[in-house]
Every structure is written in C-alpha cells, then in structure tokens.
Amino acid sequence: MIIFHDPRCTEYSAPGHPERPSRISRTAPVLKDRHPNWKWRQPKSATHEQLLRAHSAAHIEHVKNPTGDFDLDTAAYPKIYEHALRSAGSAVDAARAARGGDRAFALMRPPGHHAIRDRAMGFCYFSNIAIAALDALENGSEQVAIWDFDAHHGNGTQAIVAHNERIRFASIHQFPAYPGTGSKSFANIDNYPIAPGTPRKEHVDACKRAHEKLVSFKPDLILVSAGFDAYARDPLVQMTLEREYFAAFGEWLCKIDIPAGAILEGGYSDDLPDLIDAFLGAWDS
C-alpha cells in the first residue's frame, strides 16, 4: 500500500468547521503505527493541464484568486489554491500508482467530489477524482470506473463525467441530504439513494450491487471516492454503517483483479482514523 500524503494539508482551518485538520493529523500516525511496511510518498501538485480537463479556466483562476468565500461551507482560506492543487495531485498520483500495480490511497484534504466544472462547493475546490480519471484516460486507460461510497452524493464527479462513455460512475448516498442531487440514474451514471436510517443490510447490499456493476463494466482502473460519513456515529448524516462494513468494502477491492486507487472524501467522526484503517487494512490483506 502506498499512502500519498503531505502534512501541509492540515495548515488551514476554521473554528467549528467539520472538515478539520485533525481528520488527517490523527489518521496518519495510526496508519504508520499499525502498518509500518506501507510506503508514504509526498504527492505532486496537479498541473494546469490536468485541471483543465475537469474545470473551466475561469474556475481555476477564481480558486487561485478568490474574491470571497465560495459558499457558507467552502471558505477562501489562505493558500487554498496550493492546498487544492496538492490534493488533486494526490488523486492523480494514486491513480497512476494503481495503474502501475500498487494499491494506493490519497490521505489529503480538501476533498473533491462536490466541486463542479465552474464552482467550488461542499468543502471541495477541485474535483480530485474526476481529474484523476480523466488523466488516466489521457495516459493509456481505456475505461475507468468510479465507486463513491461517501454519504453525500458525488454531484461534482457526476456533472463532470456524465455521458463520457469511457467512465462509469456509481454513488451510494443518503437522500435526502446535501447537496440534494442523486435521486436518479442515467447514461453512465448509477445513483443509489439511501433514506436516512436505512438498515445496514440494505445499505451494504446497495454498495455491493454498485461495486459489482462497476466490475462488470470491465474497467482497467477503479477509483474510489472513499468517504466515511456513512458511519453510524458521523455527525453530519443519519446512516448506520459500522467499522466492519468499511472493512468489507476493502475486502471487495482485494478480491478483484482490477487496479484500484482510493481518495479520501468525507468522514467527520472522531473514529475516522479507525474507519480508514479498517478499509485500507482489509484491502491490503
């Protein structure tokens, strides 16, 4: 397992904001302690060319030189452009490492799956996983699958990859919930809306169906938007999964013969380090 991580991603914050530095700063020591043989690498920053495959030039410039906060959840932090570049770059690096035969995880912030072509939103500035998928297609991949099990709909990923026949996207998410999208499937987009409080078995069955359908697409790369806010004690949503179910997601990845890379999205409980460890540890078993 390769972990792409840059501790500078913890250098921005706002009081009381759930997307806080400790999500990363508490997780890195846990993984290093429990898995001393894993490799840690500092990611490269995404290039302008890589960003332009997913975002408009105007949006990139706006993140670089914001005129104010992007929305109530998505602040114009000092140096957020540089932080967002490194996070997007870590997704590209994880995808490239996966294509090279390694299991790889991007332990970075900010997350990305809400950012659309022309707008930052929902704690996200650039669509990290879409940037990584499009980079893979530009550099030898024929078909890429994106499996998003974050508790919130990956609306930004969907908007960017919709109708791209070389990409299949599946999102399993609470509905209704932020951002209010993801109720229907279409074209290359498979949405699995889950009602608040849905029993665990039904939720996991939906995740399994989504995973199996993506595998049947026969991609040469699977990218995972790994959000851990479907956890039963996450403060932002009302879902029911426990630690062992995130381990199951890792086991499913372990059992398929398709290169895979994962990128951290959400997850806001104090148990996040243990949830990430459960997923990665099972995947690398």
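Residue indices begin at 1 and follow the sequence shown.
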Enter the distance from [X]:[atom1] to [Y]:[atom2] here, rounded to the nearest 0.5 Å.
X: Ile24; Y: Thr10; atom1: CD1; atom2: OG1; result: 8.5 Å
X: His152; Y: Cys124; atom1: NE2; atom2: SG; result: 10.5 Å
X: Ile80; Y: Glu11; atom1: CD1; atom2: CD; result: 11.0 Å
X: Met121; Y: Asn155; atom1: CE; atom2: CG; result: 4.5 Å
X: Ser127; Y: His114; atom1: OG; atom2: NE2; result: 10.5 Å
X: Leu134; Y: Leu52; atom1: CG; atom2: CG; result: 11.5 Å

Would you please indicate if the ring centroids of [X] and [Y] are separated by under 6.0 Å?
X: His203; Y: Tyr245; result: no
X: His83; Y: Tyr77; result: no
X: His153; Y: Phe175; result: no
X: Trp147; Y: Phe249; result: yes

* Asked: Yes or no on side chain to side chain contact (heavy atoms under 4.5 Å, CB included) for Phe186 and Gln158, after CA distance, side-chain angles and deciding distance?
  -> CA-CA 10 Å; Phe186 62 95; Gln158 172 178 295; 3.8 Å; yes
Single-linkage hydrophobic cluster, 4.5 Å side-chain cutoff, [X] and [Y] together:
X: Phe217; Y: Phe149; value: no
X: Leu264; Y: Val30; value: no
X: Ile263; Y: Ile256; value: no
X: Tyr81; Y: Ile116; value: no
X: Tyr192; Y: Met239; value: yes

With a 4.5 Å limit on heavy-atom distance, are the side chains of [X] and [Y] in contact?
X: Asp229; Y: Asp150; result: yes
X: Ile160; Y: Ile131; result: no
X: Asn164; Y: Phe169; result: no
X: Asn139; Y: Arg99; result: yes
X: Leu137; Y: Leu221; result: no
X: Ile2; Y: Asp93; result: no
X: Thr198; Y: Gln174; result: no
X: Val92; Y: Gln50; result: yes

* For Phe246, the option from Trp283, Trp252, Phe228 that meets ring pair (Phe, Tyr, Trp, His ring centres under 6.0 Å) -> Phe228
If only atom types and distance count, is the side chain of [X] paired as donor or acceptor with the main-chain N or O of [Y] below 3.5 Å?
X: Ser269; Y: Arg233; answer: no
X: Arg200; Y: Thr240; answer: yes
X: Arg166; Y: Glu142; answer: yes
X: Thr74; Y: Asp71; answer: no
X: Asp234; Y: Tyr268; answer: yes
X: Arg23; Y: Gly267; answer: yes
X: His59; Y: Tyr125; answer: yes
X: Asn191; Y: Lys184; answer: yes
X: Ser87; Y: Ala84; answer: no
X: His17; Y: Asp73; answer: yes

salt_bridge([X], [Y]) N-O dist < 4.0 Å:
X: Arg209; Y: Asp190; value: no
X: Asp274; Y: Arg34; value: yes
X: Asp271; Y: Arg243; value: no
X: Arg20; Y: Asp270; value: yes
X: Glu49; Y: Arg53; value: yes

* In sequence, state the C-alpha distance, the side-chain angles, and the governing distance for His62 and Phe70, and then conclude on ring pair (Phe, Tyr, Trp, His ring centres under 6.0 Å). => CA-CA 9 Å; His62 187 205; Phe70 299 92; 5.0 Å; yes
Taking all heavy atoms of [X] and all of [Y], pick out the closest pair and write down the distance.
X: Ala76; Y: Asp69; result: N-OD1, 2.9 Å
X: Ala230; Y: Ala151; result: N-CB, 3.6 Å
X: Ala187; Y: Arg168; result: O-NH2, 3.3 Å
X: Val161; Y: Asn188; result: O-ND2, 2.9 Å
X: Ala91; Y: Ala132; result: O-CB, 3.5 Å
X: Ser171; Y: Gly154; result: OG-N, 3.5 Å

* Please determine if Arg109 forms a cation-pi arrangement with Phe123, meaning its NZ or CZ atom is less than 6.0 Å from the six-membered ring centre and no more than 45° off the ring axis. => no
* To do: In sequence, state the C-alpha distance, the side-chain angles, and the governing distance for Val215 and Ile222, and then conclude on side chain to side chain contact (heavy atoms under 4.5 Å, CB included).
  => CA-CA 8 Å; Val215 171; Ile222 290 182; 4.3 Å; yes
* To do: Report the C-alpha separation of Ser56 and Asp118 in whole Å, then their side-chain angles, then the decisive distance to 0.1 Å, and conclude whether the side-chain hydrogen bond (donor to acceptor under 3.5 Å, both in side chains) test is met.
  => CA-CA 6 Å; Ser56 67; Asp118 295 300; 2.6 Å; yes
* Above 12 or not: heavy atoms from other molecules or residues under 6.0 Å from NZ of Lys32? -> yes
* Asked: Should the heavy atoms of other residues, nucleotides or ligands under 6.0 Å from NZ of Lys79 be counted, would the total exceed 12?
  -> no
* To do: Please test Phe4 against Arg86 for side chain to side chain contact (heavy atoms under 4.5 Å, CB included), starting from the C-alpha separation and ending with a verdict.
  => CA-CA 10 Å; Phe4 288 96; Arg86 287 190 287 267; over 6 Å; no
* Go through the steps to decide whether Phe105 and Val224 satisfy the test side chain to side chain contact (heavy atoms under 4.5 Å, CB included), and finish with yes or no. => CA-CA 9 Å; Phe105 180 67; Val224 184; over 6 Å; no
* To do: Could you label the plane-to-plane angle of the Phe126 and His55 rings as parallel, tilted or perpendicular, counting under 30° as parallel and over 60° as perpendicular?
  => tilted
* Does the side chain of His173 pick up a donor-acceptor pair with the side chain of Asp148 at under 3.5 Å? -> no
